[in-house]
Amino acid sequence: MTKADASIVQSLEGTVAELTKYCTEAKDNVHFLKTLERYFMNLATGTNFGVILETIPALMNTLQILWIISSHYNTNERMVPLMERIAWQLCERVSQVINVHTIFKEKRVVAKSKVHDAKQILDQWKSSYYLVRAEIEESGKDFGGIYNIFGPEVKGVTGKLIRIDEVLCRVDSLVLPIEEVSFNPFNISKKSSWAMIMQEFATTVQAIDEEAINFIDESFETLRSSADAFKILLKFKEIHSREAINNHFMKKFNDVLVQFCKEVDSINKIFKAEKKKPPLNKNEPPVAGSIKWVRSLLYRIKHTILPFLDVPEIMDSEQFKVAKEKYIEIAVQMREYEEKKYEDWLARTERHLPLLMKKPLLVTNESQSQLELDLAQSESSLQRCVRYVVNFAPEVKEIIFETTNLLSLGYSVPSLAQNVALQDHKFIGYVGDLNKLVNTYHSVLDSLNEAKYIMLCQKIKEVNQEMHFGCKRLNWNCLGISDFIKRGMEVVSKFQTVVNQIQKNERDIESRLQFIAMTNLLKFPVPDNSNDLPGVKEFCERTEQERVKSVSLLKKKYGDIGPLITKTEHLIMETSSGKAKCMIDYYTFWEHKVLDCLLKMVLRSIEAFSSAIVGSTVLFQADVILSAPKIVLQPPSSEIYWLIMQCIKDCIESTKEFVRWMHGTCIECPPQHLSGEDESVIFSFFSDVCQYTQINETARMVSNKIRGLLNSVDRHLNHWKRYRPLWEKDKTIVNEEFAARKPSCVMYDDKLQFFTRIKHEVMLEPHFKNYHTLHLNLEPLARTVWETAESWISSLGSLFNKPAKEDLFNLRDEFMQLSTKLKQSPDSLENLKSVLGTISDIKDMSLDVEIRFTDIKERYRTLAMYKVEVGEDELELVATIDQMWSDLFAESRQVDRGLTNVKKSFTQITKEKIEEFKQELSIFAESFHTHGPGAVGDDLDKGLTIMGSYEADLTKIISGRLELANAEKLLDLQVTPYPELIGIQKDMNGLRQIYGIYKSYKDAKADWSQTLWMNLNIQVLQEGAEGFVKSLRQLPRDIRALPVAFFLDGRMKEFKESLPLLLDLKNEALRDRHWKELMERTGTMFEMNPDSFTLENMFAIELHKYANVIGDIVTTAVKELSIEKGVKEVVEAWENMKFSVMPYFKGTQERGYILGAVDEIQLNVDNDAMNLQSMAGSRFVGPFLGTIQQWEKDLSIISETIEVWLLVQRKWMYLESIFIGGDIRSQLPEEAKKFDNIDKKFKEIMSDTVKRPDIKRCCLIPNRLTDLQALSEGLERCQKSLNDYLDAKRNAFPRFFFISDDELLSILGSSDPACVQEHMIKMYDNIASLRFDVESKGDTVAGAMVSAEGEEMELRKPISVEGKVEEWMMGVLLEMRRTNRLITKEAIFRYCEDRSRVDWMLLYQGMVVLAANQVWWTWEVEDVFKNIKKGEKHA
């Protein structure tokens, strides 16, 4: 082509070079824009404004880096469209959220939040833009490029339009002085003026040149790269400008080369810093990506230096040579880096790819040993944890990717890698299909529970057999992969179909179980209104009917479950027996599910019923009736409770209808006939349901709610109990008792009005009341109460009528009797008195009769008002009684006028009798004042005796006085006064009251005197005495002024003052010695017999005279009692306190008995000893001093004995396990014999303590303390001998010092060599155990030592473990040292002799490897030093 047309080839080369340049630039653009891809995605699809806010700062930083590094996005023309597109996208996102047409219709808070977030985004974009722009301008990097000086070219290059325009304006202004000249410049006379204008023009031009030069310098100071600087120089070179400016430009080539050197150094620095971990583009493989990265670095400096070769001014400079050398050096390094990356990848690929392609298609998540499945294994051995994984190595994917990229970079790759890369899509398809196969299989397995897994184990085994083919037979080089995938999918699909059908059957079962669980067995009809409410019995009967219907339907649902499970059996095993062995767990699973559903059903039913019980809907009603004496429900509360609870019971017993399956089947268990029983036994779910705790608790909750409901009803019915007296009391008896008190008409009216009011209240009471579900019908109760009140009114009215009738007829009879008396003849004095008396009575009773008239009429009016039946004769008599009285009164006045002459003859006789009465009264008055009951002084008993005779005499005198007064009245004489008689009556009345109090006081004191001293109740005496004193003081003052009252008051005060002394003497602290002292000091004698000693003896002492004596005796007795109680408490406590004795076990063998905790006992000893000591220092201790001193001594002995006892017990427990039943007995025979005697004695003591564990007896037995002290000393000697023995063993084998005495004794006390195993880790550093071997002769030897990590060191000469343990352990120690030395020598000798270092390390123990490595390292280092010393520099 060159020969044909050289010009075309040259043009083609230029075009190819230009296309290559654009291609490289395009690749760079792709590289840089990928860094912005995730930011653009956030702007376009971010979930919220918060994501965009976080994205904007990072986006601007990346754009800044893009502006600095990119060779494309480094001008305004290219960067502005990108910025505009970003700004447009931000505005678009904001406008999508902030819709002005709908934003104001949203909630104010939400709308405000959206607008605030949108404003934040726009403000963030604006501030980030200006911030980054400021940073770019500070670093001399501006979005404008400077390529020309002034004019359009300069504007396009620099972008500093304003400054350039200013300079151009100055250039334009140069001609203004010339244009505005006012003279002819060609006039010679104006030469000087023209010269001045031209001089000014030259000065201005020079200033503009200097400004242009400064502008050029500033442009170079802000350049970003040498390439940009070089382009500017070339453009300025082509611009026709002033010579000074062009010359200044030519001096800048050297600065460009200096900048290029800096860029080379910068690239070199980047290369060295990041070559180990170069930055890769997205989805680039590490090797090809590293090569692309290093080529991009090289291109960045290469495309800069190549244009320099076309400029002679640069080629000839020394700075260019320096730059060229730097470029070549870094280019060589990058080329070597690229080749090394390729060669390393090539070696790895050729070594690993064949192995990777030979890997099996599938692997399991188990270890390699578990991977080799035995296809003939039993079903029970299937492990559910086995999971298959597609074994396509990620390294293969990486190799494929690397191969593709390296081929595009022009590298050659191995044929195997290229073949694999060409089959990339095929392998991807295989991996996808295998993953689908495995995931499908795993998803099916994951959907199986344990029961289904066991049931389908045979099916799973078949699938595993097919899957196992991919684990062992096939690798990625095989041609049968697609066939395997096809077969696998068929097997898994078949298995999945079976599982899906099983799941469909299970859904059918679940739907039936769900129906059972959601069924309410306690459904009840809700009545439309209260008139249709059923009674409790009817409600329960309806509920029971609904329950029976529901249970019948549920039984059908339950009966369908077994056939569905049998259908599953047919699907799996093609049998329909219902008792497949492999489905036993499956049957159990569904039986448990059935039980759970029944539990839920019963629980939900009871809970719903419970909620309804306390709900607001009325469901049933009950009548309230009066069944005297109680108000009760009909039916009774107890019956209501049991009816409702029977519903709950029936609900639970409904589960009896659901028969359990026979064990291992889904077949219902037939009724079982037991011998001796008539009825068959049916195994149902009832036994499980009735034991369910939550159901029982819910049933109890229902029971409590029903009780609460009935209690609420009872509380409401308590309101009716205020009428309870109506039926509880016998109205006949009550009314008769009321009538017996002869109440007034008003009282009868109150009673009758009370019962009438009750009738009215009862009628106003609500006759219905709702309590949750219960509707109370109170109408029967109200009716009964009303009728009862009416019967009370009738009964009381009849009793009210009876006295009214009696009074009415009695009044009539009285009128008739008085009329008869008026008709008598006054022929004698008596008859005259009778007639006159009758006339007087009629006059006197006038007012009384009027009152009686009114009362009778009021009674009959009341009876009529309350509608009580009254006889007709009574009503007629009430109407005529007034006239009868009027007639009688008129008759008496007529008779009185006819007796005037007769009365005069009887007046003289009456006056004579009056004089005789006056003489008799005078004699009685003198006797009363001198010898009467008021003149006896303090001899109140005498006054009480004569009081009766004087009262009888006074009564006779008063009777005579009344007769004379009546006669005087009848004869119309003035009634004679008797003032002396009135005074006697007054004094006699006061004396009667005083002697009445004295008699009561005397009788009470006599009763109290018969009270036994032991039964004294001082409060009764005090209350009685206080009552008598109060009664006396309540008498009028004139009566209390009588001498007899004064003496009585003094006597009662003395008695009252003696009562506190009785209380003191009643103190329990008094003993016989105190009573004897009392008798001595009071001079009295009495016998203190509790059965005969009464208060009479105390009253005889006259205690008020000896108050001080009694106080001293009682105080002493109280103090002595406190000491007595303290001593008694100590004695009783220690008499009853016992040791806590418990059996002592060694392992499972009982070895005797030991004392339990004695801390509390020792605390009691200290406390009681301190209390006794404080009591002994009291001055009242006399009677108890000997007892206290003896107990102080006993407690001291008890404390010391317990202390020694515990010391002996601890030593015995420690030595018993050593000397009893162990080999130590043969080692220390003398000490063992001594210990046997001590053990025997100690066990005797403990046996005695077990029989009678009283602390006092056990510790105070003669010689008990001495015996324990002797045992302690003997055990101490045994302990010393044992310690000497252990020290001898440790001296024989010093490593025994590393273990405790107990551990050493466990070794010495056993004949089994294995007893040292658990202590090896303590005796040797990191040696966990010895390995014991049995030789051919049957002897046991120690063959190796095993470390904690499981490493074994074989002893070159096994050590026999016969004989003393310390001897053969010392033999093991010596052999360990010898063997260790030999193995270490061998390891050093065999170091890398005929195998690799790793294989050599695996032959020996870790410690040997470390020691041998250190030896060889030391030798090699020394050898190197020796060779260097000999002159070998590269040794």
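The CG atom of Leu522 lies 9.5 Å from the CD1 atom of Ile613; values are rounded to the nearest 0.5 Å. In this structure, CG on Leu434 lies 10.0 Å from CE on Met489, to the nearest 0.5 angstrom. In this structure, NZ on Lys705 lies 14.0 Å from CG on Leu710, to the nearest 0.5 angstrom. Atoms CZ and CD, on Phe768 and Gln621 in that order, are 8.0 Å from each other to the nearest 0.5 Å. The distance from the CG atom of Asn777 to the CD atom of Gln634 is 11.5 Å, given to the nearest 0.5 Å. Within the model, atoms CG of Leu422 and OG1 of Thr404 stand 8.0 Å from one another, a figure rounded to the nearest 0.5 Å.
A 4.5 Å side-chain heavy-atom check between Pro636 and Tyr641 finds every atom pair outside the cut-off. Side-chain contact check for Phe658 versus Val594: every heavy-atom pair is 4.5 Å or farther apart. In this structure, Phe609 and Asn520 have side chains that are not in contact, with every pair of non-hydrogen atoms separated by 4.5 Å or more. Contact of the Leu513 side chain with the Ile561 side chain is registered, since non-hydrogen atoms from C-beta on lie closer than 4.5 Å. Counting heavy atoms from C-beta outward, Ile695 and Leu599 have side chains that approach closer than 4.5 Å. Proximity of Leu437 to Met467: side-chain heavy atoms (C-beta onward) are separated by under 4.5 Å at one or more points. Counting only heavy atoms from C-beta outward, the side chains of Phe392 and Lys359 never approach each other to under 4.5 Å. By the 4.5 Å heavy-atom criterion applied to side chains, Lys567 and His570 are not counted as neighbours.
Distance alone, capped at 3.5 Å, is enough to place a donor-acceptor pair between the Tyr587 side chain and the Ala580 backbone. For the pair Tyr558 (side chain) and Val659 (backbone), a donor-acceptor distance under 3.5 Å is present. When atom types are taken as modelled, the side chain of Asp424 and the backbone of Val420 share no donor-acceptor pair closer than 3.5 angstrom. Trp590 contributes no side-chain N or O that, together with a main-chain N or O of Gly562, makes up a donor-acceptor pair within less than 3.5 Å. Between the side chain of Glu569 and the backbone N or O of Gly578 there is at least one donor-acceptor pair closer than 3.5 Å. Asn696 contributes no side-chain N or O that, together with a main-chain N or O of Ala699, makes up a donor-acceptor pair within less than 3.5 Å. For the pair Asn391 (side chain) and Pro360 (backbone), a donor-acceptor distance under 3.5 Å is present. At least one donor-acceptor pair closer than 3.5 Å links the side chain of Thr665 to the backbone N or O of Ile667.
Using a 4.0 Å cut-off between charged nitrogen and carboxylate oxygen, Arg660 and Asp688 count as a salt-bridge pair. Contact check on Glu506 versus Lys452 returns a salt bridge, with a Lys/Arg side-chain nitrogen under 4.0 Å from an Asp/Glu carboxylate oxygen.
Of all heavy-atom pairs spanning Met357 and Val396, the tightest one is SD-CG1, 4.2 Å. Summarising the geometry of Leu521 relative to Ser550, their closest heavy-atom pair is CD2-CB, 4.0 Å, with the distance given to 0.1 Å. Here the shortest heavy-atom pairing between Ala451 and Asp585 reads CB-O, 3.6 Å. Heavy atoms only, all atoms of each residue included: Pro563 and Gly559 are closest at CD-O, 3.0 Å. In terms of heavy atoms, Ser684 sits closest to Thr655 at CB-O, 3.6 Å. The two residues Ile640 and Pro635 make their nearest non-hydrogen contact at CD1-O, 3.5 Å.
Looking only at atom types and distance, the side chain of Tyr586 has no donor-acceptor partner in the side chain of Asn449 under 3.5 Å away. A donor-acceptor pair shorter than 3.5 Å can be found between the side chains of Asp650 and Gln646.
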Q: Go through Ile502 and Met455 one step at a time and tell me if the side chain to side chain contact (heavy atoms under 4.5 Å, CB included) criterion holds.
A: CA-CA 11 Å; Ile502 292 173; Met455 177 178 68; 4.2 Å; yes
(Q) For Trp476 and Leu361: C-alpha separation, side-chain torsions, deciding distance, then whether side chain to side chain contact (heavy atoms under 4.5 Å, CB included) applies. (A) CA-CA 6 Å; Trp476 296 100; Leu361 298 181; 3.6 Å; yes
(Q) Determine whether Arg1331 and Glu1352 satisfy the following criterion, side chain to side chain contact (heavy atoms under 4.5 Å, CB included), listing intermediate values before the conclusion. (A) CA-CA 9 Å; Arg1331 193 193 72 207; Glu1352 292 187 2; 2.9 Å; yes
Q | Full working for side chain to side chain contact (heavy atoms under 4.5 Å, CB included) between Leu362 and Val390 | A | CA-CA 5 Å; Leu362 302 175; Val390 178; 4.1 Å; yes
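Sorted by first and then second residue, the pairs that involve residues 488-504 and meet side chain to side chain donor-acceptor pair (under 3.5 Å), not counting sequence neighbours, are Ser447-Gln503. Sorted by first and then second residue, the pairs that involve residues 544-558 and meet salt bridge (Lys or Arg N to Asp or Glu O under 4.0 Å), not counting sequence neighbours, are Glu544-Arg547, Lys555-Glu657. Sorted by first and then second residue, the pairs that involve residues 592-604 and meet side chain to side chain donor-acceptor pair (under 3.5 Å), not counting sequence neighbours, are Glu510-Lys593.
Contacts of Glu398 classified as side chain to side chain contact (heavy atoms under 4.5 Å, CB included), with partners at least two apart in sequence or in another chain: Pro286, Glu402. Listed by chain and number, the residues in a ring-ring contact (aromatic ring centres under 6.0 Å, His included) with Phe685 amount to none (sequence neighbours excluded).
In this structure, Lys656 forms a cation-pi arrangement with Phe686, its terminal cationic atom sitting closer than 6.0 Å to the ring centre and no more than 45° off the ring axis.
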Identify all side-chain donor-acceptor contacts of residues 534-542 below 3.5 Å with residues at least two apart in sequence or on another chain.
from	atom 1	to	atom 2	distance (Å)
Lys537	NZ	Glu639	OE2	3.1
Glu538	OE2	Arg542	NE	3.4
Glu538	OE2	Arg542	NH2	2.5

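Heavy-atom neighbours of Leu479 CG from other residues, nucleotides or ligands within 6.0 Å: at or below the threshold of 12. Enclosure of atom NE2 in His442 by more than 12 non-hydrogen atoms of other residues, nucleotides or ligands within 6.0 angstrom is indicated.
Applying the side-chain contact (heavy atoms from CB on, under 4.5 Å) test between Ser654 and each of Val602, Val551, Val548 identifies Val551 as the sole match.
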